[in-house]
Structures are given as structure tokens and as C-alpha cells.
Amino acid sequence: MSRLATGGLIDRSRPLAFTFDGRRYTGFAGDTLASALLANDVKLVGRSFKYHRPRGIVSAGPEEPNALVELRSGARREPNSRATVTELYEGLEATSQNRWPSLDLDILSVNRLVAPFLGAGFYYKTFMWPSSFWEKLYEPFIRRAAGLGRAAEGDDPDHYEKANAFCDVLVIGAGPAGLMAAKTAALAGARVILADEDALPGGRLNAETHEIDGAPGHAFAAATIAELGALPNVRIMTRTSVFGVYDGGTYGALERVSDHLREPLPFQPRQRLWRIVARRAVLAAGAIERPIVFGGNDRPGVMAAGAVETYANRYGVAAAKRLAVFANNDGAWRSAFAARAAGIEVAAIADVRPTIAPALLERAKALGIRVIAGGVVAGTAGKTLARIDIASGSRTDRIAVDGLAVSGGWSPNVHLTCHHGGRPVWREDIAAFVPGALPPGLSVAGAAGGTFSLAGAFREGFEAGAAAARDTGFAAPALDAPRAEDESVALAAFWHVAGSRGPAFVDPQNDVTAKDVAIAHKEGFRSVELLKRYTTLGMATDQGKTSNVTGLAIMAELTGAGIEATGTTIFRPPFTPVAIGALAGHHRGTEFRPVRLTPTHGWADEQGAVFIETGAWLRAQYFPRAGESDWLESVNREVKAVRSGVGMIDVSTFGKIDLQGPDAGVFLDRVYINTFSTLAISKARYGVMLREDGMVMDDGTTARLGEQHYVMTTTTANAAKVFQHLEFCLQVLWPELDVQLASISEQWAQIAIAGPRAREVLVGVVDPGTDVSDSALPFMGVAEARVLGGVKARIFRVSFSGELGYEIAVPARRGEDLARALMAAGAPFDITPYGVEALGVMRIEKGHVSGNELSGQTTAGDLGLGRMASTKKDYVGRIMAARPGLTDPERPSLAGFRPVNPAERLRAGAHFVPVGGPADAAHDQGYMTSVAYSPNLGHWIGLGLIRRGQERIGEKVRAHDPVRGGDVEVEICAPCFLDPKGERLRG
Amino acid sequence: MAETAANIMNVTDKPFVWTRPVAPGLHGTPGAPGVTALWRENLAFATLTVRRGQEAALALAAAREHAVSLPDGPFAAQGKGHQGKGFVCFGTGPGRWLACSEEATDLAGDLAATLGSTATVTAQDDAYVAFDLSGPCVPELLAKLVAIDLDPTVFPAGSVAVTSTAHMGLMLWKLDADRVRLLVGTSLAASFSRTLAASALEYGFRLEAGRGTGRG
Amino acid sequence: MRIPCPYCGPRDSSEFSYLGDAAPTRPDPAAPGAEDAFFDYVYLRDNPAGPLEELWFHASGCRQWLKVLRDTRTHLISGAVFARPKAEVAR
Ligand SMILES: [Zn+2]
């Protein structure tokens, strides 16, 4: 066991059992999986992506590139979980990745022997080889060998949700700078959100051994959090990663509500995606310690110096029994001293710098730590680390250690500052990129901005919090900055031990070595963007948090251009991975989007309807009856019933818009191609409206209820679009018109009855004394009447099916009553409910255009509606519809089609080509838009757009459908297949 | 199968059906519900839109006939009249209001009679379903539903917002410090009830069917 | 992105639908050269890098067409007014 006897912010009274690769271990509450594994002496935790090299834990935070595990099992299995941020819970199951058959013995580690194949540019070069090699050999090999863990085995059983929060000041990170910023802004009175991805706020205060105002750092953090938590204007969000900065002060954050539990508590989401809108934000996200690249640097046991310190102080774990330190900066010395203080033997500190600050040397001497100034690690050995070689000058020291703490300096977490395109700026004095141009409203404090000392973090946190408060209208309070150390963070830039023994990994997760960077350089891929893509440096799940700067620094050394000139790739959201489930929230499965139910949905359900989604609506598609073998049989019956008797269908889904005001008629004249100002009261008219570019936008009937009162119907699909268009016309084009619009789509249920017996059914539902005779209510007549015993109704004598038809509108909650009343009144005539399939068949039989023809690429002329256009007025789209290209007689126009062999089936989407001619694009004459089987005619019929269609009645062409292997000879005919004179609907 | 938010939102069988409204009763965390929703279909609604150039005349008529100062922003104002029942006017846009009465009577007819010369009045009684929310967890629930700052300092009692939730149009009226009325389109009531329940289960969610609720 | 609706207050851009440059105005259909003027009105747009006044419709809110000033380089929105003339905006 490597658990220290005392210390750490863990709860030793709460042991937690967990398994790793099936073996049972025990940790404590407050552990991460990584700290618990280290406490149990588990050093080998995974294999690398490409070479399957054994890997251990290198960090203690979100930047971890190596210790990725599969967490949980079955449907909850989550691959690539970072052990360093996975909180331990009772019963945690983790499995190592990328090994077969076992972590200890991995057969695919022979990949290392073929490493020359898999070097920089491997993917690109392999593509150059014969494609058969790729498909049969390389791709299957790569798919088996590579990849980062296995996906879950079933639908995620948990749920995710989204939420919104608003504040004056958002503070990102609850380390010393963040705590100070939040406290300052909060005491000023601002609404503050303090977010930290850790379960335990405090950042480095929990990891290091500072004294603040005489108390330990972690105690100071806890006290400050308690103080903030008591303020009503502060919200503290732990386990919450702010992962992206979006426009207008919007921040994306992921709250891991239940990830620290075996499974979510009842009714709790697994994760919650927050959209936080903040007037000001302070980025206090700290910094990440960088490695130094040397041969054998990926051996388990090699770790970031700060991580060794964190495991000792926060988790009470000795990451090594005998440790060496390899560094280029003063901070790492303090890590070494902290490790020593925690009881870890520190064998040596090798610092690349020849001259070391005397205070550090004295302290090392006092602790009995050997110092090798100007020393570098020249090699490592052991399955897990057992020995290192340190070269200094001409001598090499071979030191037996099981841990090596490495520090190449610190990289500020500038990620969020790049999300609006800001480019980090190189600061030579700290050898790090610091934030450049910032997103509006965001400021940076502490290590995230390159200020690494504790006193500096407090100072900047106070300043940023005070400024944010002032900017949002609050006077900053006078606060005493906590007394803390202004410790030295001096360093000498150093990236790579040239000539060290063995592969030297820059990006351990993607197995990119210093040699790969050199290859990229040699082959000319020298810009940082090319380096990244050619070698895949920084493209793994950690997005290069520990590797980007080192990689480009090595490239800069090779080019001699310097880091500033080399520049850096910038970061996009998210800062840490966000599950797709969290982005989807509740919108999955059948709840992918809300569904609108028609007023008669319950009734249709009782009738056994099969439903279909049409846009947001769920409509009855057809009503199968016992004994019917397929949908077509049901639809044929429904069509025949309407044509021979009577049927009914809910048409409430049409858009319905109420237009009132003295200028309503003039307004309609301007939006429709035909005239409505002359329409008589109590009459309806079919109208077509265009877009301003001359294409048809929508069609429908509009009725005049009064001198200044019209009711428009739109197609179901275009309801919202048309309403928006009308608002545009009224508010932007003609604000001088006195017209008031109201959507009444939700207010009215509308049921169509159609068929020769329709009037007899209507008589059965209107209140006594209502005259619905042909003379009182002629074709295209409209009546406001009472039905069902006093219910206000509007009756429109219109027809889509071509039969005698009425649409009866009643307030939506009476829709179901109306449906039942119609069924009762129609019972003597065997009234048949029909669905949208039968409706479609009948409109094709009548040659009425619908969504397939109103494709946004058709003119009124194309659809045979050109003669409706008034020449006596202007309307939207008139001028552009007259363009030569839109009036070209060669344009495909609407026609009907029937198969020459009546047994053959037609297919929508088939293209028309000449009989006996080639079926190619050069001979394409148009395409079939809609088809249906007509039970009245006994064969398939179609509508389509074909060149000069209306002049070619009787001509034969082929409907060619290469996708489904169809090639049917069809005869062009008039689009109306049934009752062309319209005698039925006037009956 | 247990009743969980996951199976409200995903699973097509029991106990929630994707085409059905949530059943009345207590759902989610047992005990005192954190959110109670009263589903009401018995309210009267009418939209009111000022005629061009009649703003002042409408304001006068509204004040005279109904003792109401029509709100010129997203707020609610109480009106008198309407057969002694009174009504509330929500500002929904410049020159546009939604009137709402607790009684299912001919609100549109009454308003047309008094205001019809200066405004267009359209009956919308069947267009909306109301969910009256109460309980200690209403603010947390609303944070999941709407992307609007509802802090009392910026959204005091009497405020109104026309917005959307989960791709559904939604109108929100803060009746007082503790209660909120949500209006959704009638066709979306079932979908909305599931969204509401899924978001509120963790607090304990009680759905009550109010007078006139035909479905559920 | 948040758009400050002059009626509703600041709202998420998902509540709005976008049309484009607010500058073009519908030409007089009776004027000579109307065909060319309409062609420009329908199709010709500048694509400036910088502040641009655009038409947005508050579809999920007050249903008003707005003129929104947005910087095309940064998405910074510096204001929004009703698209209809001031005299026509009802109180
Ligand atoms: Zn608005």
C-alpha cells in the first residue's frame, strides 16, 4: 500500500470498494480512481493508442492523457474516462483499454516493432497505397488495434437535461484567484456564479501546502466557500466544467450531477448542460504542468511533479516510494520538498539549469536531497519505472527510483480565451502562451493569465472581481488580500532531451514522438496546423493539453524560428469532452421533438388509426379494418367509400390565419396572385401566393366572413412560414395598411366531409333550421352556423378530393364531439374515416398540387395555375415571375402520367427520358412528383413536371428510376384523372 | 418499469406514452411535491390587436370600459367588467394583448362589444391550455424550461414572457412571488405535460386536472 | 447569441428567424426599370465585414420584425429596433 499514514482531504472513515480489471481494491471517500489505484500500488493502468505501450497515471487533473479507462459496464459503460477526475464511489467498476488479452500481456504491443510504419503521416501515406491493401489489410487492422475503448452496449438508461442560469459575474475556477474574484464581486452585491469542475473547490489550495492568514490553504478555501455559500447572491456550482464561450456572454457548462455515483439517484439526471448568460466573466482556470520530453518518458511511474505533490497532500498517497525530480523551474523543487515532507524519499533533483537559487539548494541540503544541477534524464528502465539515468556534463548517474516527478513549467489554461478567435501570446519570461485578445466581457486572473505565484493569484482575483462588479454597476468593496507567499516561479525554457535513449513521447495519448515531429519537419509539414494534422499531435481526447506547447517548441527548435514566430494552434470548444447525451438533453427517442396532436386524435386512436408524423403533427394515415392485409387495401377502401358515399378527415392541421381591418382585402390582393378584394362576403376562393423571387410559396383557400374580415388557410407544412411572411409584408413592406393578423390554428378544429352523401351528413350535425342546401350554401360558399346544439361553427363548402365536400370548423375542444356527431349522422351512409393517404390519392386523381409540387422551384405557370394571376394589380413575386427564365415554354410543367401497361407501378422521383433514347442527364425532361394507386381507375397514376408538359398530352415517355431499378413507359395525360369538369363537387 | 425521467422521455410503453398526456397524480420523488401543476382547460382567451392609429382611443376605451391600463410591455394588468368576472391583459407585442379570464364565458364577444371599434378581437378560448405552477421548486424547474432571467429583480410578479421551451411556444405569467401560469398551444398540451413532468420528477411532481380538463 | 428585443428584452437567438441585410427596400413595381430593380432587391447583397443592420423576426416572442445591428466579424450585437417605422409602432 502506498497510502500515507496520515494526511489528505480524504475521509478515512468511509472506505469504498471498487474493481479495476476485475480485481477488488479499496479506497476512501474523497479519492479519485487514480489516487485510489496509486494507493493500491497499481501503476500500469492502460495501453497506448497506437503502439499499445504500457502507461501509467501522469497527472492529477483533467489534462490526463494516459489513464483512460472504461467506466461502469453494459449500457452505462463509458470509454475514455479519465481516472484522474473520476471520483471514487462504492462499487466502481473500471476496465483498462486497448489491451488484449490482458493489460499485463498485450499481444498487439508488437505494434511497437512495426512502429516505423505507424509514424508521422502514416494514415496519409497508406492511402497512397493500392486501395485494396487499405480496405482488406490496414483498415481492419487499425480498427482492431487502435481506438480508445468500447462504446456502451445499449441505450443509455440515464437521462440528461439542460438548464439556464443568469448572473452578473461568472467566475470560472475556484482556486485562489477564482475564490477571490467571486468573493469580491459577491460582497459588492453582484449576482455571482462560481463554477469549478472539481467536487472540492479550492484548486491548488487543496493540492499544495501553503499557509494563508495562518491557516492551511485547504482550510482557507473551505472557509471562503462556506462564506460565499451563505450569501443569497452567490451560486456555487461544483463538478461543473465551463467548456465553451459563446456569443453574447453565453457560456456552456456541464454539471456532472451523478457521475460520482454508481448510478443516478432516483429521478436525478446523469448530467446537466447549463447555458450560463453572464454580463461579465472571470477566467481563473489555472494552469497545467508540462512535461519534458526524453527517451522512455512514458514509462509508468513518470509523473508530473505537481501531480506527485497533489497525490501526497490531497489524497494522502505516495505516488512513489523513492522519487527523483527532473525539472527546469523552481516550482518543481517545492513539489519535491512537499513529497519529502509527506514521507516520500527523494533520491535526487535533476534541474537542467546549471545555477540554482541558493535558498532551494539550502533547503535540499537540509532535507538530504541530492542535487544534480545541469542534469537531464538520458534514459529510463523497468516495466514500471525502476531506474533512471541522469546525464550532467560528461557523467551519467544511474539512480534506482520507482517514481520520477517531471516539470517543464506551466501552461496557462488559455483555452476559453480562444473561443472567439483570440490567439494566445508567447511570453518568453515564463516560457508560456498567455491569453491574447479576449472574448467580450471575459477577464483573466491568476495562473490562467500566467501569474503563477499565490499572492499574485489573490491580487489578480481581487482586481478582476472588483472590475467585473464595477462593470455591472456595483461598487467594489474594500478587502484585505489574504496574506500568502509570493513564491518564486523562475524557470529556464527546456523542452526535449536530445539524444536520450528510447522513444520520446510528446503526445502520449496519440503516441506522437519527438522523432515524428522531426519527420514532419523533414517532410515540410512545419506550420503548427500542418504539424498537428500530419502527426495527429494534440488530436486525441485530451486535445493536447500537455503536449501542444512542447510539440511546437520542438518544431521551433528544428526550424530555428523561435516559438513566438511558430505560433500555436488555437482551441475550440469544448474544453473537456461533453457527452452527446448531454447536448441532446430530453430530446431523444420518441421525444426527439414535441408532437402536435389534432383535436380528434383521441377519437382517431379509438378508431384504430395508424398515425404518421407530418411536420410536427401526428395525423391519421389510414384506418385499417379487420381482415385488411396491408395499408393499400385500407386506403383503396377509404378512397372508394368517399367517391361512392361519404368520408371524413381531420384537416385541423392547416394553418388558419384571421385577417381583419379596412385594408384586409387590399392586403390579400398584394400577397396572392389573384384578387380577393372583390370576393363576395360568405364566399371562399382558392389562392396562390408567391415568394418575391417569383416561385410559388403556398396555396390554400381564403374565405371572406365580413366586409373587413377574412380567414386564410395555408398548407400544414407552410403554416408558420406564411404567417411570418404576412407579418413581414405588414410590418416591413406596407406598414401603412390597417390590417390585424391573428393565428387561429389552435383555436379551431376543422373536419372535412366529402362524397356524394356529404350534404346529408352535414344536415345531421347543424342545428335545426340551418339551411345548407345547394342554393343556400353553393360551391365555395361559407356559412357561420351553429352545430351540435349551439356550438359556433364555420362551414366552408370546399373540396380537395373533388367530391361534394364541406369543411366544418368548431372550437378545438369540440372537435372530438363533432367527429362523433358526424359519425353518428353519417352512419346511415356508412361514413368512413379516412387518413392522409386516401386524401393524397384523391388529390392526385384530381390533379391538385401539394407539397411535392410546391417545391420552391416551381412557378404558378409550371403548375398550370398561371391563368389565375391578375394582370390588374401588383403582388409579391409578380415582377420576378415574369423573368424570361421563369416563363420559358421549355420549363417542365405539370402533367399527369399513366403507365402504358396498367399493371406497372409508378415511382415518385423517376425521371422522364425519351422512349428508346438514352437515360442520361442530357436527355432528362423532368421528373415524377407524386404517384398513387387509383382504385377508381384500377392502375397507378402520377403527377410530374415535364418539359412543355401541357402541349404533349398523349405522348409516351419513360419514367426512369435507376435507384429502384424502375423503367416504366408512361403516357402523358391531363393532370386531372377524374371528373375533369368538376360535376361531382357541385352536386 | 419504474417511473423515471428517462422512460418518460424515451420509452414508448408504460407508464408514459409519447402521444399521451401525463396522468394526474404524484410523480417522481415521493413526499411533499416540490412542484404542483394545475392543468386548466376552462379559461377564456381573446387576442386584442389595436387598429392602425387607434392606440390612444383604445387606451381610453379600455380605461373607461374595463378600468385597465393596457400594458405597453410584457406585463399583466387586471381589467374589470366582462360580466363582473374581470380579466387579465398580457402584453404580447406592441399593440397586441392576450386577454385571459378565469371563467369560460364569451370574453371575445364582450371585449369586441366594448373595444371593437379601436381593436380587433379574436376568440382564442380553445387555443391555449394553462398549467398553474406552485411549490418551492418552481424556480429551479423554470430554469430548465426557459432561457429567460426570471430573477425577481428583473422579472417581478406581474411580468409576462412570450417564449419557447423544447421547441414549443410558451407564455409565462408570474402571478405572484410563488406562482406561475404557463400557457401552451392546445395541440402541444400532451407533449408539454411530458416535458414538464420529466423536468420536475426530481422535486416530486403533482399534476392536478383542473375544472374542464377534458383529457388526461 | 442574445438579441435585445425592444419589446421582450434580451432573448436567445434561437427564438428568432433570420432574413438578412435590412437595407434593400422593395422597389416601386410601377417605376421604369422595375425588373432590374427587383432583381437587385431579391438577389444583390453586400457582404460587409463589420456592422450590418439585419432583419430578424422574433418568431417565438412578440412576433415583431426587428432591425438588429450585428458585427459580422464578431457576432457582437449592439442594438435592435422595430423594423416598422417608428410612427407605426403601436404602444
Ligand atoms: Zn420580442
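Reminder, nothing fancy here: chain letters follow the sequence lines and each chain counts from 1.
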Notebook entry, point to check: Arg52(B) side chain to Glu736(A) main-chain N or O, any donor-acceptor pair under 3.5 Å?
Noted result: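 Yes: the side chain of Arg52(B) pairs with the backbone of Glu736(A).
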Notebook entry, point to check: So which heavy atom on Glu202(B) is nearest to which on Pro269(A), and how close?
Noted result: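 So the minimum-distance heavy-atom pair works out to OE2-CD, 4.3 Å.
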Check: How many angstroms lie between atom CZ of Arg813(A) and atom CG of Asn42(B), to the nearest 0.5 angstrom?
Finding: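 CG of Asn42(B) is found 8.5 Å from CZ of Arg813(A).
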Under 4.5 Å heavy-atom distance to chain A, tell me which part of [X] shows up: side chain, backbone, both or neither.
X: Tyr203(B); result: neither
X: Ile148(B); result: backbone
X: Thr122(B); result: side chain
X: Val129(B); result: both

Item checked: Among the listed options His709(A), Arg272(A), Arg275(A), the residue most often paired with chain B at heavy-atom distances under 4.5 Å ->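 Most heavy-atom pairs under 4.5 Å with chain B: Arg272(A).
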Notebook entry, point to check: Taking C-beta and beyond as the side chain, do Glu746(A) and Asp126(B) meet within less than 4.5 Å on heavy atoms?
Noted result: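 A side-chain contact is absent here, since even the closest heavy-atom pair is not under 4.5 Å.
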Checklist line | chain A interface, residue from Glu140(B), Gln54(B), His167(B) that has the most non-hydrogen pairs under 4.5 Å | finding: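 It is His167(B).
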Check: Going through the distances and angles, do Thr49(B) and Gln740(A) end up as a side-chain hydrogen bond (donor to acceptor under 3.5 Å, both in side chains)?
Finding: CA-CA 6 Å; Thr49(B) 309; Gln740(A) 291 80 47; over 6 Å; no
Notebook entry, point to check: Near Asp155(A) CG, under 6.0 Å, is it more than 12 heavy atoms from other residues, nucleotides or ligands?
Noted result: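 No, not enclosed.
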Notebook entry, point to check: Is the shortest side-chain N to carboxylate O distance from Asp125(B) to Lys792(A) below 4.0 Å?
Noted result: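 No salt bridge links Asp125(B) with Lys792(A).
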Checklist line | salt bridge (charged side-chain N to carboxylate O under 4.0 Å, His left out) evaluation trace for Asp149(B) with Arg279(A) | finding: CA-CA 12 Å; Asp149(B) 190 354; Arg279(A) 297 166 69 197; over 6 Å; no
